[in-house]
Amino acid sequence: MVSYKELGLVNTKEMFAKAVKGGYAIPAFNFNTMEQMQAIVQAAVETKSPVIMQVSKGARNYANATIIRYMAQGAVEYAKELGCPNPQIVLHLDHGDTFELCKDCIDMGFSSVMIDGSSLPYEENIALAKKVVDYAHKYDVTVEAELGVLAGVEDEVSSAVSHYTKPEEVIDFSQRTGCDSLAISIGTSHGAYKFTPAQCTRDPKTGKLVPPPLAFDILHEIEKKLPGFPIVLHGSSSVPQDEVDTINKYGGKLPDAVGIPEEQLREASKSAVCKINIDSDSRLAMTAAIRKYLAENPSHFDPRQYLKPARENMKKMYIHKIVNVLGSNDKL
Ligand code: G3H
Ligand code: 13P
Ligand code: ZN
């Protein structure tokens with residue numbers, strides 16, 4: 001067993017309290033590779049931002065659980081080396097689906113875990129989340145739980161709406177689980193295809209898809225029920241059109257990819273939303289840079305040559321999110 005405290009990591013408690021009070025959100029960036037980790041740390045240090053580095057079950061299987069633990073420790077030491085004496089870095093499990101996985105992560109240095117029982121019946125979601133909370137809190141590890149189901153692109157708008165978090169359930173759920181933060185469903189979803197073209201309108205000038213707005217009325221109702229309680233938004237990539245265009249220009253095929261407009265995330269950040277999850281935008285930034293580099297340099301085959309611009313492009317994106325969307329810069 002290794003405590004996250006020995007690795008120099010922090011849990012989310014203090015940073016969320018400050019973010020809710022200060023009207024900004026903490027970035028939660030997913031990582032699978034060393035380049036993503038380096039870019040996240042560089043961006044956080046340069047902007048003086050707290051940061052959540054999160055790994056899914058799939059990412060942990062991809063990279064290896066032991067390597068992730070040392071990468072997180074490496075991230076802290078790297079931040080110090082870059083000139084940040086007291087970095088605030090959280091290592092968070094994203095979408096943990098069993099008690100055993102959450103426990104394993106806690107035992108291997110995670111400072112925060114998500115238990116995602118959102119697809120379970122209400123009482124089962126509560127029972128599972130409470131079991132994880134009871135274990136995690138013994139070690140001062142914070143827990144995110146989820147209520148409401150994020151829409152899949154295959155859903156019709158009507159069925160997506162029926163999966164929105166029900167504000168009348170949030171008090172009971174948070175009290176009975178003892179969770180430290182709550183992920184809610186208000187219209188975001190995972191991936192680069194958050195809405196079908198049929199769910200969007202088209203901008204008459206550019207021809208680009210304009211997605212329907214998030215359900216801010218539900219968010220505000222939840223805020224009223226749980227004043228000051230940390231709320232989390234998953235599925236919050238914006239799917240930048242320039243990256244999609246670059247990918248398509250250099251051999252990719254992502255027609256009509258669409259994300260959450262940044263103005264809406266900016267608005268959400270000013271509310272009780274204090275953690276915003278971004279994964280797809282990093283994937284797009286990385287893929288766009290690699291496709292471009294390899295198309296322009298067909299004779300190159302040293303991964304460092306194409307991973308360097310990929311890392312730079314992700315770092316630029318992370319800094320943009322921190323400074324221009326979430327507002328977590330200068331909060332260390
Ligand atoms: O919400 C899911 C994250 O984007 C992680 O995705 O399970 O493919 O690693 P993954
Ligand atoms: P995106 O697919 O919008 O980046 O969402 C990521 C996420 O919610 C990770 O949990
Ligand atoms: Zn998610």
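In listed order, ligands and their atoms are each counted from 1. FYI, side chains are in, hydrogens and waters are out, and symmetry mates aren't considered; it's all heavy atoms of this structure.
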Taking the basic N atoms (NZ, or NE/NH1/NH2) and the acidic carboxylate oxygens, is any pair closer than 4.0 Å for [X] and [Y]?
{"X": "Arg176", "Y": "Glu123", "answer": "yes"}
{"X": "Arg60", "Y": "Asp104", "answer": "yes"}
{"X": "Lys103", "Y": "Glu100", "answer": "no"}
{"X": "Arg304", "Y": "Asp302", "answer": "yes"}

Whether Gly58 lies under 4.0 Å from ligand 1, heavy atom: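 Checking ligand 1 against Gly58, which is what was asked, there is no heavy-atom contact under 4.0 Å.
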Determine, using heavy atoms of Arg283 and all atoms of ligand 1, whether some pair is separated by less than 4.0 Å.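 Under 4.0 Å: yes for Arg283.
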Applying a 4.0 Å heavy-atom criterion (strictly less than), which segment of His95 is in contact with ligand 1: side chain, backbone, both, or neither? side chain
Which bit of Asp94 is near ligand 1, meaning a heavy atom under 4.0 Å away: side chain, backbone, both or neither? side chain
Shared hydrophobic cluster for Val232 and Leu214 (ILVMFWY, side-chain gaps under 4.5 Å):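 Unlinked, Val232 and Leu214 end up in two clusters.
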Please work out whether any backbone atom (N, CA, C, O) or any side-chain heavy atom from C-beta onward of Ser56 is under 4.0 Å from ligand 2, and answer side chain, backbone, both or neither.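 It is neither part, as no heavy atom is under 4.0 Å.
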For the residue pair [Y] / [X], report whether a side-chain donor-acceptor contact shorter than 3.5 Å exists.
{"X": "Tyr306", "Y": "Asn297", "value": "no"}
{"X": "His95", "Y": "Glu144", "value": "no"}
{"X": "His137", "Y": "Asp180", "value": "yes"}
{"X": "Asn313", "Y": "Tyr318", "value": "no"}

Which residue supplies the protein heavy atom nearest to [atom], what is that atom called, and how far is it?
{"atom": "atom 9 (C) of ligand 2", "result": "Asp94 OD2, 3.1 Å"}
{"atom": "atom 8 (O) of ligand 2", "result": "Gly235 N, 2.7 Å"}
{"atom": "atom 9 (O) of ligand 1", "result": "Ser56 OG, 2.6 Å"}
{"atom": "atom 7 (C) of ligand 2", "result": "His190 CD2, 3.4 Å"}
{"atom": "atom 5 (C) of ligand 1", "result": "Asp279 OD2, 3.3 Å"}
{"atom": "atom 3 (O) of ligand 2", "result": "Lys194 NZ, 2.5 Å"}

Under a 4.0 angstrom heavy-atom cut-off, which atoms of ligand 2 come close to [X]?
{"X": "Ser236", "value": "3 (O), 5 (O)"}
{"X": "Asn30", "value": "9 (C)"}
{"X": "Ile278", "value": "4 (O)"}
{"X": "His234", "value": "8 (O), 10 (O)"}
{"X": "Ser280", "value": "1 (P), 2 (O), 4 (O)"}
{"X": "His95", "value": "10 (O)"}

Angle at the Zn ion (ligand 3), ND1 of His234 to NE2 of His95, rounded to 10 degrees, please.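 Rounded to 10°, it measures 90°.
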Over 12 non-hydrogen atoms of neighbours within 6.0 angstrom of NZ in Lys331: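 Counting neighbours around NZ of Lys331, more than 12 heavy atoms of other residues, nucleotides or ligands fall under 6.0 Å, so yes.
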Under 6.0 Å between ring centres: does that hold for Phe110 and Tyr4?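 So the answer is no for these two rings.
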Is there a donor-acceptor contact under 3.5 Å from the side chain of Thr177 to the main chain of Ile126? no
Which ligand 1 atoms, with their elements, are less than 4.0 angstrom from a heavy-atom of Asn30?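 Reading through ligand 1 atom by atom, the close ones are 3 (C), 5 (C).
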What do you reckon, does Asn32 have a nitrogen or oxygen under 3.5 Å from a nitrogen or oxygen of ligand 1?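 Min N/O separation from ligand 1 is not below 3.5 Å for Asn32.
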Would one find an N or O of Asp281, backbone or side chain, under 3.5 Å from an N or O of ligand 2? no
Once you measure the plane-to-plane angle for His300 and Tyr293, does it fall in the parallel (<30°), tilted (30-60°) or perpendicular (>60°) bin?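 Tilted: the ring planes of His300 and Tyr293 meet at 30° to 60°.
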